[in-house]
Amino acid sequence: MKMIYNVKDKPKFGQLIVFAFQQLLAIMAATIAVPMIVGNGMSTSAALFGAGIGTLVYVLFTKKKSPVFLGSSFAFLGSMATAFAGAVTAGLGYLGLILGAIFAGLVYVVIAIIVKVAGVKWISKIMPAVVIGPIVAIIGLSLAGNAIGDLQKSNLEGGSSYVAIICGLITLAVVMLCSVYGKKMARLIPFIIGILAGYIAATIFYFIGKATGNAALMVIDYSALTNNFSTISLSSFIAVPDFSFLKAFGAFADLTPAYIGTIAVAYIPVAFVVFAEHIADHKNLSSIIEHDLLEDPGLSRTLLGDGIGSMAGAFFGGCPNTTYGESIGCVAITKNASVNTIIVTACEAILISFIAPFVAFLSTIPSCVMGGVCIALYGFIAVSGLKMLQKVDLDDNRNLFTASVILITGVGGLVLTFGQITLTTVACALILGILTNVMLGRKKSDKKSDK
């Protein structure tokens, strides 16, 4: 896949700002959704700030060679809920979030050290193309329900799902048309143009519905903006995010060995699950930019960047970070792999977290519009995984069974829960795929297809 901008390319300053904003829009909904789901007063703007900081740390450790944004990880939702459930005070809950991210980050650090000593060839042996390809596809397919759910969702009670679908499909159509037929900048920023088109369509429906008294046409909610300006003050324009470390300050007196143990058990096993997704994401990104990131800058560096970036992100926003499929999909569709774009995206995320009207405006983007965007983003992830199977001999039943087990358990949504530990669909599919591949064995000739 030929890139318009390669990893080391530097687009012009004005273009960088726009390209970065497009990346920000792609990751925005998921990044702020995590603190909203966990609740307990978690700040969406702080999560955005933490994602920006985490991404900069990642870029630093990967020597500006891996073009992906780190956002709030959904894998740790249960762990974060446990941190609050086991806390005697809200402050201790926030301290638990930070401690948990440190535990998870340390898992990455330990694995990175092992990889540095042992190399990455063992990764290719236990996760060849016949395993990693379907896993990447499952990462995209497992998110399909989220995309379609958002596509049909109205942000106002009484809004019609059909109107929501129309707005989402308008968004998707504009994204596709710009990507295929767009000239110059239009082809590089299809998501911005698509989201604007969907937003305008939803706005038109809203005002027609308001004028005619037809609530079914109203699928966009402007309350975040109106509430922000309900009383005009400095905080209506500039607001410091509620950072996690500020809320955790002073809670050390409530910290007990039992609580620390609870946090460790809640976070450490999940870190191993996310490790598998880390490899799949970087394999996918490597195939897109045609450069093996596990070799250069190396898996040890990507793990350190992800792990320490996750610690830094949680220190500010409470949410452990992870590489985002939406960001990878954005790179694939726009063919812009410039790391400078990712750096500016991180800086924009940090800056925007302080600008109250902008955060409020972004909150008004309808779910159905983002659903239309995500159909393209998640679809590209799935297709990228399937493309990895092109060099695999699927006439060989061993390969066929391995790919089949992964795809069916993944699409079927197999999830296993052991107490506080949950093996996600991707983790279950990966484990079964590895076991199947090892059990059936492989010929020496099979290994050539994995290179």
Side-chain angles (χ1 to χ4, degrees), residues 13-37 41-56 69-72 150 155-156 167 171 185 189-203 206 219-244 246 313 316-319 321 324 326-327 330 340-374 377:
F13 180 77
Q15 292 179 323
L16 265 178
I17 300 299
V18 178
F19 296 160
F21 184 64
Q22 177 170 247
Q23 271 274 351
L24 190 63
L25 289 176
I27 60 88
M28 173 69 70
T31 297
I32 66 175
V34 172
M36 291 173 67
I37 293 171
M42 290 191 69
S43 169
T44 55
S45 57
L48 194 59
F49 183 96
I53 292 294
T55 300
L56 292 178
F69 191 94
L70 268 62
S72 306
D150 283 344
N155 286 53
L156 279 178
C167 293
T171 303
M185 280 294 286
I189 56 169
F191 296 115
I192 290 180
I193 299 173
I195 289 172
L196 284 175
Y199 196 98
I200 291 170
T203 299
Y206 177 87
V219 297
I220 186 171
D221 184 4
Y222 295 103
S223 61
L225 269 176
T226 56
N227 291 340
N228 185 70
F229 292 108
S230 58
T231 55
I232 303 298
S233 63
L234 180 61
S235 61
S236 300
F237 300 94
I238 304 294
V240 177
D242 293 326
F243 294 125
S244 294
L246 293 176
F316 292 100
C319 306
N321 293 332
Y324 255 29
E326 290 90 338
S327 176
C330 190
N340 286 282
T341 298
I342 300 298
I343 293 172
V344 176
T345 302
C347 293
E348 286 185 1
I350 292 169
L351 178 64
I352 286 172
S353 68
F354 288 90
I355 304 175
F358 209 80
V359 173
F361 167 73
L362 293 175
S363 299
T364 66
I365 297 177
S367 297
C368 57
V369 170
M370 294 311 300
V373 168
C374 288
L377 289 174

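Keep in mind that what you see is a predicted model, and the values were worked out from it rather than measured.
When side chains are defined from C-beta on, Leu246 does not count as touching Asp242, because their heavy atoms never get closer than 4.5 Å. At least one side-chain heavy atom of Pro35 sits under 4.5 Å from a side-chain heavy atom of Cys319. Put simply, the side chain of Leu196 does not reach to within 4.5 Å of the side chain of Thr171, judged on heavy atoms. Residues Ile27 and Leu70 form no side-chain contact, since every pair of their non-hydrogen atoms from C-beta on lies 4.5 Å or further apart. At least one side-chain heavy atom of Ile350 sits under 4.5 Å from a side-chain heavy atom of Leu56. Considering only heavy atoms from C-beta on, Thr55 stays 4.5 Å or farther from Asn321 through its side chain. Put simply, the side chain of Leu24 reaches to within 4.5 Å of the side chain of Leu48, judged on heavy atoms. Considering only heavy atoms from C-beta on, Val219 stays 4.5 Å or farther from Leu156 through its side chain.
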Check: side chain to side chain contact (heavy atoms under 4.5 Å, CB included) between Val34 and Thr44: does it pass, once the steps are laid out?
Finding: CA-CA 8 Å; Val34 172; Thr44 55; over 6 Å; no
Notebook entry, point to check: Would Phe229 and Phe237 count as a ring pair (Phe, Tyr, Trp, His ring centres under 6.0 Å) if you check the C-alpha gap in whole Å, the side-chain angles of each, and the deciding distance to 0.1 Å?
Noted result: CA-CA 9 Å; Phe229 292 108; Phe237 300 94; 5.6 Å; yes
Margin query: Does Phe19 form a side chain to side chain contact (heavy atoms under 4.5 Å, CB included) with Met185? I'd like the steps, not just the answer.
Written below: CA-CA 9 Å; Phe19 296 160; Met185 280 294 286; 3.8 Å; yes
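Between Asp150 atom CG and Cys374 atom SG the span is 6.5 Å, to the nearest 0.5 Å. Taken to the nearest 0.5 Å, the CZ atom of Phe243 stands 8.0 Å off from the OG atom of Ser43. Here the straight-line distance linking atom CD1 of Ile220 with atom CD1 of Ile365 works out to 8.5 Å at 0.5 Å rounding.
Heavy-atom minimum distance, Met370 versus Ile195: SD-CD1, 4.0 Å. The two atoms that bring Ala346 and Gly52 nearest to each other are CB-O, 3.4 Å, heavy atoms only. Closest non-hydrogen pair, Val344 versus Ala20, comes out as CG1-CB, 3.5 Å. Pairing each heavy atom of Ser367 with each of Asn155, the nearest pair is N-OD1, 3.0 Å. Here the closest heavy-atom approach between residue Ser244 and residue Gly317 is recorded as OG-C, 3.2 Å. Phe69 approaches Ala349 most closely through the heavy-atom pair CZ-CB, 4.3 Å.
The list of side chain to side chain donor-acceptor pair (under 3.5 Å) pairs with a residue in residues 340-358, not counting sequence neighbours, reads Asn336-Thr341. For residues 21-34, the set of pairs meeting the side chain to side chain donor-acceptor pair (under 3.5 Å) definition, not counting sequence neighbours, comprises Gln23-Ser327.
Residues passing the ring-ring contact (aromatic ring centres under 6.0 Å, His included) test with Tyr206, sequence neighbours excluded: Tyr222. Partners of Tyr324 according to the ring-ring contact (aromatic ring centres under 6.0 Å, His included) rule, which considers only residues two or more places apart in sequence or in another chain, do not exist here. Applying the side-chain contact (heavy atoms from CB on, under 4.5 Å) rule to Ile355 yields the partners Leu351, Pro357, Phe358; only residues at least two apart in sequence or on another chain are considered. For Gln15, the side chain to side chain donor-acceptor pair (under 3.5 Å) partners two or more places apart in sequence, or in a different chain, are Tyr5.
Side chains of Tyr199 and Thr364: a donor on one and an acceptor on the other come within 3.5 Å.
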